[in-house]
Amino acid sequence: MEHVSSKSSFKKEICYRILIAAFLGYALTISVSVLISFLLPLSQKDAVAASSMLSFALYTGYIMYVFSAKRYRSVFINSLLVLAVSALANALIFWLRG
């Protein structure tokens, strides 16, 4: 009986990691990509193009991080913190630029 419950908890953990990687990873990648485009000392078009290309590497790295971490709950909490900080930084930069 113990084997069945550990198997279902493993499947549950994999599902959580997939959801975290897909949805939270996408939101995090977009938020950080926008922040990078604001901070790069390039013309607006070049900064957007560079941050868009960098976002593919960020998203791939994030997916690897989600599946390599020991606990998916800590990944979820850390990701929410980074998302909140980058969203606040984006809002502040957008507000300061007017």
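Each residue takes its place number in the sequence, starting with 1.
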Can you see which heavy atom on Leu42 is nearest to which on Ala50, and at what distance? CD1-CB, 4.5 Å
Just verifying a value: how many Å separate Lys11 NZ and Ser6 OG, rounded to the nearest 0.5 Å? 11.0 Å
Applying salt bridge (Lys or Arg N to Asp or Glu O under 4.0 Å), which residue pairs with at least one partner in residues 61-72 are found, sequence neighbours left out? none
Leu39 vs Ile93 side-chain heavy atoms within contact, under 4.5 Å: yes
Hydrophobic cluster identity match, Val75 and Ile14, side-chain contacts under 4.5 Å: yes
Is a donor on one side and an acceptor on the other found under 3.5 Å between the side chain of Ser33 and the backbone of Ser51? yes
Could you list all the ring-ring contact (aromatic ring centres under 6.0 Å, His included) pairs where at least one residue sits in residues 13-41, not counting sequence neighbours? Tyr16-Tyr72
When you compare the side chain of Leu24 with that of Tyr62, does any pair of heavy atoms fall below 4.5 Å? yes
Val66 and Leu80: same hydrophobic cluster, using ILVMFWY side-chain contacts below 4.5 Å? yes
Shared hydrophobic cluster for Met53 and Leu35 (ILVMFWY, side-chain gaps under 4.5 Å): no
Going by chain and number, the hydrophobic cluster around Ile77 (ILVMFWY, side chain to side chain under 4.5 Å) further includes Leu81
Pairs under 3.5 angstrom only: tabulate donor-acceptor contacts from the side chains of residues 82-89 to other protein residues two or more places apart or in another chain.
{"from": "Ser86", "atom 1": "OG", "to": "Ser31", "atom 2": "OG", "distance (Å)": "2.6"}
{"from": "Ser86", "atom 1": "OG", "to": "Val82", "atom 2": "O", "distance (Å)": "3.1"}
{"from": "Ser86", "atom 1": "OG", "to": "Leu83", "atom 2": "O", "distance (Å)": "3.1"}

Could you list the residues that satisfy side chain to side chain contact (heavy atoms under 4.5 Å, CB included) with Phe67, not counting sequence neighbours? Arg17, Ile18, Ala21, Ile63
Mind checking what makes side chain to side chain donor-acceptor pair (under 3.5 Å) contact with Ser74, not counting sequence neighbours? none
Membership question, hydrophobic clusters at under 4.5 Å side-chain separation (ILVMFWY): are Met64 and Leu58 in the same one? no
To the nearest 0.5 Å, how far apart are CG in Leu54 and OG in Ser37? 11.0 Å
Ile30 with Val48, same ILVMFWY side-chain cluster at under 4.5 Å: no
Between atom CZ of Arg97 and atom CG of Leu92, what is the distance when rounded to the nearest 0.5 Å? 11.5 Å
